Amino acid sequence: ELNTQFSKEEIQMASKYIKKCSICLYIVKNYFYYYALGQEVFYITFLPFTHWNIDPYLSRRLVMIWVLVMYVGQVTKDMLKWPRPSSPPVVKLEKRVIAEFGMPSTHAMAATAISFTLLISTMDRYQYPFALGLTMAVVFSGLVCLSRLYTGMHTVLDVLGGVLITVFLIVLTYPAWTLIDCLDSASPLFPVCVLVVPFFLCYNYPVSDYYSPTRADTTTILAAGAGVAIGFWINHFFQLVSQPADSLPVIQNIPPLTTDMLVLGLTKFIVGIVLILLVRQLVQNLSLQVLYSWFKVVTRNKEARRRLEIEVPYKFVTYTSVGICATTFVPMLHRFLGLL
């Protein structure tokens with residue numbers, strides 16, 4: 001019917017126009033949901049900032065619960081193998097993790113774990129209205145959950161499943177939180193256990209039918225948690241911290257935010273992030289060179305990074321070093337520069 005109304009050239013031009021428009025049909029309009037809450041940048045910056053500028057006691061709890069929750073969530077994904085939402089009708093805005101499975105939403109799990117662990121850990125340590133803290137925790141975790149729906153990466157069931165699993169893990173592990181607070185005073189064998197157990201869990205991660213970044217992300221998370229635990233152990237064992245933070249609840253007022261405090265906090269954060277990035281790049285390059293040489297792999301072969309015997313060791317070594325650097329060497333540098 002179209003052929004009788006339009007010429008062949010007109011139909012071809014219209015087809016090209018439709019194809020060009022279809023590429024730009026979907027654009028991100030809500031950058032708050034997409035960038036601020038839909039990406040991992042928040043966790044990469046918030047956890048170190050908490051350690052350097054707020055309270056190492058809180059960062060220790062946050063990291064350990066975050067690692068536990070994320071590992072359970074990642075493994076559950078690869079065991080259930082529930083697909084992500086079909087596209088169409090949804091539009092998937094994150095291409096990197098599109099190969100991962102959907103149930104449960106680990107973003108929702110991480111947001112719920114961090115916000116409510118922070119609430120539970122501070123309500124007996126700092127003086128502030130509990131209703132305000134609860135509201136902030138609910139709002140933050142709720143916004144992250146909505147961001148996962150906005151980016152088209154999860155269904156409502158994925159998000160609810162992630163939240164419920166996290167609540168169950170918090171309730172289950174809460175009686176052991178005091179033990180977690182004492183990890184930095186454990187025996188000299190503690191670092192060996194912290195390294196061996198997470199590395200074993202990463203190397204024996206559930207095998208998928210095709211490659212996805214799930215195993216790599218899990219290795220990164222467990223390695224960072226192991227590095228943080230070892231860093232706290234080093235601080236305690238070698239007495240590198242002049243005034244250790246109490247592990248027991250201490251009621252204190254939240255100090256008012258002043259310009260001097262803001263400048264000092266930003267300076268400590270920038271110094272710490274720069275050192276972490278330098279350590280990360282150095283250790284990553286060195287570990288990859290050693291592994292490439294050991295397994296006789298061409299250096300320029302990017303696909304080699306995905307091999308189990310290369311991906312897990314280089315990421316584990318790299319992010320364990322990052323965790324140790326964040327908790328031990330960055331505070332030492334802060335002290336050397338007179339920022340403490």
Side-chain angles (χ1 to χ4, degrees), residues 39-52 59 62-64 66-67 70-71 74 94-100 106 110 191-192 194-205 207-208 211-235 268-334:
Q39 305 294 329
E40 289 84 357
V41 176
F42 171 82
Y43 307 105
I44 296 173
T45 55
F46 175 74
L47 294 174
F49 184 87
T50 303
H51 180 80
W52 301 329
S59 70
L62 288 173
V63 170
M64 297 308 166
W66 173 67
V67 169
M70 290 297 291
Y71 180 76
Q74 296 284 69
E94 294 181 15
K95 303 302 180 184
R96 176 183 174 274
V97 296
I98 201 170
E100 294 183 2
T106 48
V192 178
V194 168
L195 288 174
V196 171
V197 173
F199 185 80
F200 175 82
L201 293 175
C202 294
Y203 210 84
N204 292 275
Y205 190 79
V207 180
S208 179
Y211 179 83
S212 75
T214 312
R215 184 183 66 200
D217 292 343
T218 305
T219 304
T220 298
I221 293 167
L222 287 182
V228 168
I230 294 175
F232 277 112
W233 179 88
I234 292 174
N235 293 341
K268 291 167 67 175
F269 177 74
I270 293 173
V271 169
I273 288 296
V274 169
L275 181 59
I276 282 180
L277 292 177
L278 290 174
V279 168
R280 174 186 175 276
Q281 194 63 37
L282 176 63
V283 176
Q284 177 176 286
N285 291 340
L286 288 176
S287 59
L288 281 174
Q289 290 297 329
V290 171
L291 291 168
Y292 285 159
S293 176
W294 180 270
F295 292 103
K296 296 179 174 58
V297 175
V298 179
T299 306
R300 295 182 180 180
N301 185 2
K302 295 183 179 180
E303 292 297 323
R305 288 193 181 191
R306 296 182 173 183
R307 290 169 52 176
L308 173 65
E309 64 272 19
I310 293 179
E311 183 177 62
V312 171
Y314 103 78
K315 280 192 171 291
F316 196 87
V317 171
T318 299
Y319 288 95
T320 298
S321 302
V322 167
I324 296 174
C325 177
T327 51
T328 300
F329 295 108
V330 170
M332 291 174 62
L333 180 59
H334 288 163

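Keep in mind the model is a prediction, meaning the values are calculated, not measured.
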Between the CG atom in Leu201 and the OH atom in Tyr71, the distance rounded to the nearest 0.5 Å is 4.0 Å
Distance, nearest 0.5 Å, that separates OH of Tyr314 from OH of Tyr319
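Going from OH on Tyr314 over to OH on Tyr319, the span is 7.0 Å.
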With Arg280 via salt bridge (Lys or Arg N to Asp or Glu O under 4.0 Å) - residues at least two apart
none
What are the two closest heavy atoms between [X] and [Y], and how far apart are they?
X      : Y      : value
Val330 : Gly272 : CG1-CA, 3.6 Å
Ala229 : Val194 : CB-CG1, 4.1 Å
Lys268 : Trp52  : NZ-O, 2.8 Å
Gly227 : Thr327 : O-OG1, 4.0 Å
Val228 : Met64  : CG1-CE, 4.3 Å
Pro331 : Ala326 : CD-O, 3.5 Å

Is the shortest heavy-atom distance from the side chain of Thr214 to the side chain of Tyr205 under 4.5 Å?
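Yes, their side chains come closer than 4.5 Å.
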Quick one, Leu308 and Arg215 - any side-chain contact, counting heavy atoms below 4.5 Å?
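A side-chain contact under 4.5 Å exists here.
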Criterion side-chain contact (heavy atoms from CB on, under 4.5 Å) on His51 and Leu62, from CA distance to verdict:
CA-CA 10 Å; His51 180 80; Leu62 288 173; over 6 Å; no
Using the side-chain contact (heavy atoms from CB on, under 4.5 Å) definition, which of the options Ile276, Ile230, Val279 pairs with Ser321?
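Exactly one option meets the side-chain contact (heavy atoms from CB on, under 4.5 Å) with Ser321, and it is Val279.
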Please enumerate all residues that pass ring-ring contact (aromatic ring centres under 6.0 Å, His included) together with Phe199, with sequence neighbours excluded.
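For Phe199, the residues satisfying ring-ring contact (aromatic ring centres under 6.0 Å, His included) (neighbours in sequence not counted) are Tyr203, Phe316.
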ring-ring contact (aromatic ring centres under 6.0 Å, His included) partners for Phe269, two or more places apart:
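So Phe269 forms a ring-ring contact (aromatic ring centres under 6.0 Å, His included) with Phe49.
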Should the heavy atoms of other residues, nucleotides or ligands under 6.0 Å from CZ of Phe200 be counted, would the total exceed 12?
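For Phe200, atom CZ is not crowded (no more than 12 foreign heavy atoms under 6.0 Å).
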Determine, step by step, whether Val197 and Leu222 satisfy the side-chain contact (heavy atoms from CB on, under 4.5 Å) criterion, reporting the C-alpha distance in whole Å, the side-chain angles of both residues, the deciding distance to 0.1 Å, and the verdict.
CA-CA 10 Å; Val197 173; Leu222 287 182; over 6 Å; no
For a side-chain contact (heavy atoms from CB on, under 4.5 Å) check, start with the C-alpha distance between Glu311 and Thr219, then their side-chain angles and the critical distance, and finish with the verdict.
CA-CA 9 Å; Glu311 183 177 62; Thr219 304; over 6 Å; no
